[in-house]
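Quick notes on the structure that follows.
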Amino acid sequence: MDARTIQLRRPPVLVRVEGRFVPPGVELAEVDRRWNALCAANPRYFDGSMLQVLGVSRNGHGGVQIHVQECSYRFYAVQKTGLDCGVRPIGVKAVTIAGGRVLMGRRSTTVAFYPGLWEFVPGGGLEPGVDPAQQIARELHVARNTVRKVLR
């Protein structure tokens, strides 16, 4: 087992830190320059809010607390260009099994991270104020509608 893996006996608890994360020691003008270059190369980029992980701590009862703070997606996206802003996103994933088969989807070739690769569906970034279970349900709904369109 990976040394960073924590086996849980209880569901994790999200602890929301107030305010918005702005990376320390990073020139915001450089972030903007790199963000604009990314957007010029791929107009599908958008600068929404996301939750980023500040840290994880064990709670002593078989669970963990995941400390998260809202931040701008651009701070995560520009890391692709080599400018590390220290942003580590929190996302949700689920394994969906139907009729003995696992539902997977291929990522678009135009997404910023892991383009064209296969992944479990549903999955997505966790937005501020959204319960992880609600996000999985929403992503599964989107996946179901996408499958219906492909099968038509």
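Positions are given from 1 along the sequence.
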- Residue pair Val31 / Val78: nearest heavy atoms and the distance that separates them: O-CG1, 3.7 Å

- Side-chain heavy atoms under 4.5 angstrom apart, residues restricted to Ile, Leu, Val, Met, Phe, Trp, Tyr: same cluster for Met50 and Leu14? no

- Query: What is the minimum heavy-atom distance between Ala77 and Leu38, and which atoms define it?
  - Reply: O-CD1, 3.6 Å

- Message: Is any side-chain heavy atom of Arg138 closer than 4.5 Å to one of Val130?
- Response: yes

- Task: Not counting sequence neighbours, which residues clear side chain to side chain contact (heavy atoms under 4.5 Å, CB included) with Glu119? List them please.
- Result: Lys93, Arg107

- Query: Any sub-3.5 Å donor-acceptor pair from Gln52's side-chain atoms to Ile90's backbone N or O?
  - Reply: no

- Arg16 side chain vs Gln69 backbone, donor-acceptor pair below 3.5 Å: no

- Message: Check for me, please, whether Phe113 and Leu83 land in the same ILVMFWY cluster - side-chain distances under 4.5 Å, paths through other members count.
- Response: yes

- To the nearest 0.5 Å, tell me how far Phe75 CZ sits from Leu28 CG. 5.5 Å

- Item | Main-chain N/O of Thr110 paired to Asn42 side chain as donor or acceptor, under 3.5 Å | yes

- With hydrophobic residues grouped by side-chain heavy-atom distances under 4.5 Å, do Phe21 and Val15 end up in a single group? no

- Task: Could you go through the side chain to side chain contact (heavy atoms under 4.5 Å, CB included) check for Val53 and Ile66 one step at a time?
- Result: CA-CA 7 Å; Val53 177; Ile66 304 172; 4.1 Å; yes

- Query: Looking only at heavy atoms, what is the nearest atom pair of Gln79 and Cys85, with distance?
  - Reply: OE1-N, 3.0 Å

- Here the pair of heavy atoms bringing Ser108 nearest to Arg44 is OG-NH1, 3.5 Å

- Kindly work out whether a path of hydrophobic side-chain contacts (I/L/V/M/F/W/Y, heavy atoms less than 4.5 Å apart) joins Tyr76 to Val17. yes

- Item | Same apolar cluster (I L V M F W Y, side chains within < 4.5 Å links), Trp118/Ile97 | yes

- Message: Using every non-hydrogen atom in the two residues, find where Ser49 and Glu70 come nearest and quote the distance to one decimal.
- Response: OG-OE2, 2.9 Å

- Test Arg10 against Asn59 for side chain to side chain contact (heavy atoms under 4.5 Å, CB included), laying out the working first. CA-CA 10 Å; Arg10 296 199 165 111; Asn59 67 10; 5.7 Å; no

- Check the angle between the aromatic planes of Tyr73 and Trp35 and answer parallel, tilted or perpendicular using the 30° and 60° thresholds. perpendicular

- Message: Check whether Lys80 reaches the backbone of Ala112 with its side chain - one donor and one acceptor, N or O, closer than 3.5 Å.
- Response: yes

- Query: For Gln65 and Val56, what are the C-alpha separation, side-chain angles and deciding distance, and is it a side chain to side chain contact (heavy atoms under 4.5 Å, CB included)?
  - Reply: CA-CA 6 Å; Gln65 292 181 325; Val56 177; over 6 Å; no

- Note: Cys71 and Val87 closest approach over all heavy atoms is SG-CG1, 3.9 Å

